2 protein chains.
Amino acid sequence: MFDVLTTTFGALADPTRLAIVGRLSRGDATMGELAEPHRITPPAMTKHVGVLVDAGLVSRRRVGRTVVCTLRPEALSEMERWLDDLTAYWNSTVDRLEELLRGDHDGD
Amino acid sequence: MFDVLTTTFGALADPTRLAIVGRLSRGDATMGELAEPHRITPPAMTKHVGVLVDAGLVSRRRVGRTVVCTLRPEALSEMERWLDDLTAYWNSTVDRLEELLRGDHDGD
DNA sequence: CGAACATTTCACCAGATGGTGAAGTGTTTG
DNA sequence: CAAACACTTCACCATCTGGTGAAATGTTCG
C-alpha cells in the first residue's frame, strides 16, 4: 500500500544520496562529478545512484565513456501529496481544537 | 549536514511506521491500538514507535497502564523546506529552459 | 589494435534493521 | 496482596545496507 512511498523515503534516507539529489537539482552530472565531493569509491557511487534510479528519482544515460544522471523530481509528487494530506488533517484538527478552546477553556 | 533530514526519511522508510503516522494524524492512540491493524508483536511496535520518537515525529506518555502516542508534525517542516527548495530550483530551471527554447530551438 | 579512461559487476565484509519469544516493569483491580 | 493487563527490555536471529578491492565492460584516442 505504501510501497512507492517507502521506496522514495528509503532512497532519501542517506546523506550521500541526499547530496546527490541536491547536486542534480542544479543540473545533470556524470558519475565522476557526483563522486568527486564524497570520499567514496566508484562502486559505492554506482550503488547509490542505482537506489535513486530504482526509486524513479534519477535517470541514467551513457554519453561517450561517461554516464550522465538527471533528476526526475516528478517522483517526489507522491511524497508531496502524502505530506499535504497529513498536514491538512493536522491543520483541521488544530482548527477544531481552537474552536473547542474558545467555547470551553479551563486554563492549563 | 543532512543529519536530521536523513533521520526523518529513514523513520518514514517503512510501511508499518508510515501507517502509524497516518493513524496518529487522525488522533492519538495507545500502543495496543497502533498494533491492532498490523500482525506484529508488542516488542516490534515498541521499536517502531521508538524510531519515530527518536526522529521527533511522535511523542509518548504513560496514561494509566497504557502508553499514548501523539503526532508531532512540526518535525516534518525540515522535510517540507527541503522539498520546496528542490522543486523551486527545478521549476526555475524549467522556466529558463523554456525561455531558451523560445529564443534558440533547432528541433530534434 | 592497444593503452587509458569511466563506470559497472562481482565477491565479500561489518554493522544496522526488523522481527521474534521470554522475562521484567509499572498499573489497575478483585 | 495477587492476578491480569499493557508495555518494555533483553537476547537472539535472518536479512538488508553501505562499504571495499579486484576484475570485467564499454569507449575514446594514439
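The analysis underlying the following values was restricted to heavy atoms, covering all of them including side chains, and did not include hydrogens, waters or symmetry mates. Because the structure is predicted, anything quoted here is derived from the model rather than measured. Residue numbers begin at 1 in each chain, while the letters A, B, ... track the order of the sequences.
Under a 3.5 Å cut-off, the side chain of A:R26 and the backbone N or O of A:G22 do form a donor-acceptor pair. Of the possible polar contacts, one joining the A:R72 side chain to the A:G56 backbone as a donor-acceptor pair under 3.5 Å is found.
The shortest distance between side-chain heavy atoms of A:E33 and A:T66 does not fall below 4.5 Å. B:T7 has its side chain out of reach of B:D54: every pair of non-hydrogen atoms, C-beta onward, lies at least 4.5 Å apart.
In this structure, A:R61 places its CZ atom 18 Å from C1' of C:dT8, rounding to the nearest Å. Between the CE atom of A:M31 and the P atom of C:dT9 there is a distance of 10 Å, given to the nearest Å. Taking atom NZ on B:K47 and atom P on C:dA16, their separation rounds to 13 Å, with Å as the unit. Separating the CZ atom of A:R60 from the C1' atom of C:dA6 is a distance of 13 Å, rounded to the nearest angstrom. Between A:L34 atom CG and C:dA6 atom C1' the separation is 13 Å, expressed in whole Å. If you take CZ of A:F9 and C1' of C:dT17, they are 18 Å apart, rounded to a whole angstrom. Whole-Å rounding puts the A:I40 CD1 to D:dG18 P distance at 10 Å. In this structure, CD1 of A:I20 is placed 13 Å from P of C:dT7, rounded to the nearest angstrom.
When each of C:dT9, D:dT8, C:dG18 is scored by its nearest atom to the side-chain atoms of A:P43, the top-ranked nucleotide is C:dT9.
Contact annotation: B:T30 reaches the phosphate of D:dC7 (side-chain N/O to OP1 or OP2, under 4.0 Å). Using a 4.0 Å cut-off, no side-chain N or O of B:R39 falls inside it from OP1 or OP2 of C:dG19. OP1 or OP2 of D:dG19 sits under 4.0 Å from a side-chain N or O of A:H48. At the phosphate of D:dC7, neither OP1 nor OP2 sits under 4.0 Å from any side-chain N or O atom of B:T46.
Of the candidates B:L18, B:T8, B:D14, B:L18 is the only one forming a side-chain contact (heavy atoms from CB on, under 4.5 Å) with A:F9.
The side chain to side chain donor-acceptor pair (under 3.5 Å) search around B:D85 returns none, not counting sequence neighbours.
Note that CG of A:L12 is 10.5 Å distant from CZ of B:F2, once rounded to the nearest 0.5 Å.
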When every nucleotide of nucleotides 23-29 of chain D is labelled 5' to 3' by its protein contacts under 4.0 Å (heavy atoms), B for base, S for sugar-phosphate only, - for none, what sequence of letters results?
-> ---BBB-
